[in-house]
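Beneath this line is the structure, given in structure tokens, with notes to follow.
Every value quoted in this text rests on a predicted model; they were computed, and no experiment measured them. Below, chain A is the first sequence line, B the second, and so on; all start at residue 1.
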Protein chains: 2
Amino acid sequence: MKQPDPEDAAVAGTSSLCPTCVEWRCGVGSLLTPDEARQIAAVSVRRQVPAGTELMATPNLRDSCIALLRGVVKVSRLLTDGRQQIVSLKSAPDLLGAPFAPPGEVSVRAVTEADIYCVPRHAFEAVVRQNRGLEHRLHLRALEDLSEAEALLLTLGRKTARERLATFLLDMAGRFRPAEIGKRCDTLDPAYDHDTLDLPLTRAEIGDFLGLTFETVSRQFAALRRDGLIDFSDARRVSVKDRKRLRSAAGT
Amino acid sequence: MKQPDPEDAAVAGTSSLCPTCVEWRCGVGSLLTPDEARQIAAVSVRRQVPAGTELMATPNLRDSCIALLRGVVKVSRLLTDGRQQIVSLKSAPDLLGAPFAPPGEVSVRAVTEADIYCVPRHAFEAVVRQNRGLEHRLHLRALEDLSEAEALLLTLGRKTARERLATFLLDMAGRFRPAEIGKRCDTLDPAYDHDTLDLPLTRAEIGDFLGLTFETVSRQFAALRRDGLIDFSDARRVSVKDRKRLRSAAGT
DNA sequence: CGGGTCATTGATGCTCATCAAGCACAGTGG
DNA sequence: CCACTGTGCTTGATGAGCATCAATGACCCG
């Protein structure tokens, strides 16, 4: 399944990755055993893509799953007039597009530069059939995704703009601590400030995630800052100043 | 696993069910083979519950899955101040609460009178482990639920009230044709009017599903009626008068 | 008949979208 | 080196869309 591919050349350029973590990365977290990870890697093509790349662009890719090794990716649904709703934010190490799932009418776009494995869907499915227990783990992962989607439904359906932003910040905290974007080797380093995060998204993308306009996102951030719940060192780096009040601002 | 239960007495009261369909009903659609359905039934307790019953009320039930044999059930997430978002509407025959899923912080409430099987989670999981292929079908079902949730995310995040109502009506059409609420034996009867449906939900519940107030639901229904897209014979019975314009009103 | 739930409709106001202007910054090419 | 341009962010002014509050009618049931 592993075809020689010009994209493979890009692998050389990714040697800045922590070498001791490569296998773990290939493992997409705890989803795969090392052996399963090797089997997946054997049928995959590795690529490095710049920020903004649409990953479901070609029919070839539409029939693949994507293992995200580094970077952040947004999964969106679109209306014909251009309105867009981000339905899921994925960060390494995670899997995009479940095997057995019909491709679905979504857009999948890299938010940051990203390293990915493209896994042909039918090859992935063959690996799943050959490894007892893997489908169970995929099933659990799908149920977690469903639960996350339901939490976002509550946010979009019933929360105010301020509550949405507070919810979003609490959600992002812990996922995007500074200098961790695209680097996960340091997860166990206790020196990190758990209350500071680097937002990988623009204001417009945050709006697309929360069902708001980018102006409203900007204004509500300013309001939360005025109220002393958070602070910004620059537009993308937020510090949670008062987690208790931020939680209460999120409406539980 | 089958305990003698006072609720079993209620079974006698459900003999109005089409007898030829009982097994199919137990099968929760195409999810279960007849044999699997029998195994599930053997470890379950059947109950009939009135409209409005909270199904996750007791710890006992919280640790069960529910096979919905007849009726409509809403799955909601709640905010502490009482705001509510319906994240999923289930109608017979369907399954509520996946095996292996952590119980989750949801409310599950019967919208209509309903017949259910309560399946202890661990017993269900044992059946899954003993039937190759069943987990695969549950996995596919979870992925479908996820896709539905994403579609609702787009609706809540990016559509206007009018678009939400149009989307909702198109979604309900085909699910709730008249006289089919709680009766599924007649699915193949071609005499039914595919453009008329009986809404199982109150205006307030539709609002909780679409992230609107009941007044807005009522007003938008009135507007769609004025515009000739739909008509009401009574508050719950809708006819789609112009499916093409309704689709365009739904924003695709 | 009285009280309950459900639905409709009107009046009013708040929240957030829209439109618009200006600033900071990075990249590009003269 | 410095306009020139594009992108991202902030802030202000205005208005639309929907929530809120309130009154009323239909229906059902004890």
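Between A:L165 atom CG and C:dT15 atom C1' the separation is 14 Å, expressed in whole Å. Note: CZ (A:R158) to C1' (C:dT15) measures 15 Å, nearest angstrom. The interatomic distance linking B:R203 (CZ) with D:dA26 (C1') rounds to 13 Å, in whole Å. Rounded to whole Å, the distance from CZ on A:R83 to P on C:dA17 is 12 Å. C:dA17 atom C1' lies 12 Å from atom CZ of A:R164, rounded to whole Å. Residue B:D81 contributes atom CG, which lies 10 Å from atom P of D:dT20 at whole-angstrom precision.
Panel note: side chain A:R245, backbone A:D227; a donor-acceptor pair is recorded below 3.5 Å. Between the side chain of A:T155 and the main chain of A:A151, a donor-acceptor pair closer than 3.5 Å is present.
Using a cutoff of 4.0 Å between basic side-chain nitrogens and carboxylate oxygens, B:D231 and B:R226 are not scored as salt-bridged. Taking 4.0 Å as the cut-off between side-chain N and carboxylate O, B:D195 and B:K241 do not count as a salt-bridged pair.
Between the side chains of A:R77 and B:S147, at least one donor-acceptor pair of N or O atoms lies under 3.5 Å. For the residue pair B:S88 and B:E148, no side-chain donor N or O sits within less than 3.5 Å of a side-chain acceptor on the partner. A donor atom on one side chain and an acceptor atom on the other are found under 3.5 Å apart for A:T196 and A:S239. With 3.5 Å as the limit, one finds no donor-acceptor pair spanning the side chains of A:S76 and A:Q85.
In terms of position along DNA chain D, the nucleotide closest to A:F232 lies nearer the 5' end than the nucleotide closest to the other residue of the pair A:F232 and B:T160.
A:L201 contributes atom CG, which lies 9.0 Å from atom CG of A:L210 (distance to the nearest 0.5 angstrom). Between B:L165 atom CG and B:F221 atom CZ the span is 4.5 Å, to the nearest 0.5 Å.
End-to-end axis angle of the helix from C:dC1-D:dG30 to C:dG30-D:dC1, using five pairs per end and rounding to 10°, comes to 20°.
Nucleic acid contact class of B:R236 (heavy atoms, under 4.0 Å, all strands): sugar-phosphate only.
A:T216 has no side-chain polar atom (N or O) that falls below the 4.0 Å cut-off from OP1 or OP2 of C:dC16.
Figure legend: cation-pi geometry between B:R203 and B:F214 absent, as NZ or CZ is not positioned both under 6.0 Å from the six-membered ring centre and within 45° of its axis.
Applying a 4.0 Å cut-off to non-hydrogen atoms, the residues of residues 218-229 of chain A that approach DNA chain D are A:S218, A:R219, A:A222, listed by residue number. Sorted by residue number, the members of residues 204-215 of chain B with any non-hydrogen atom under 4.0 Å from DNA chain C read B:F214, B:E215.
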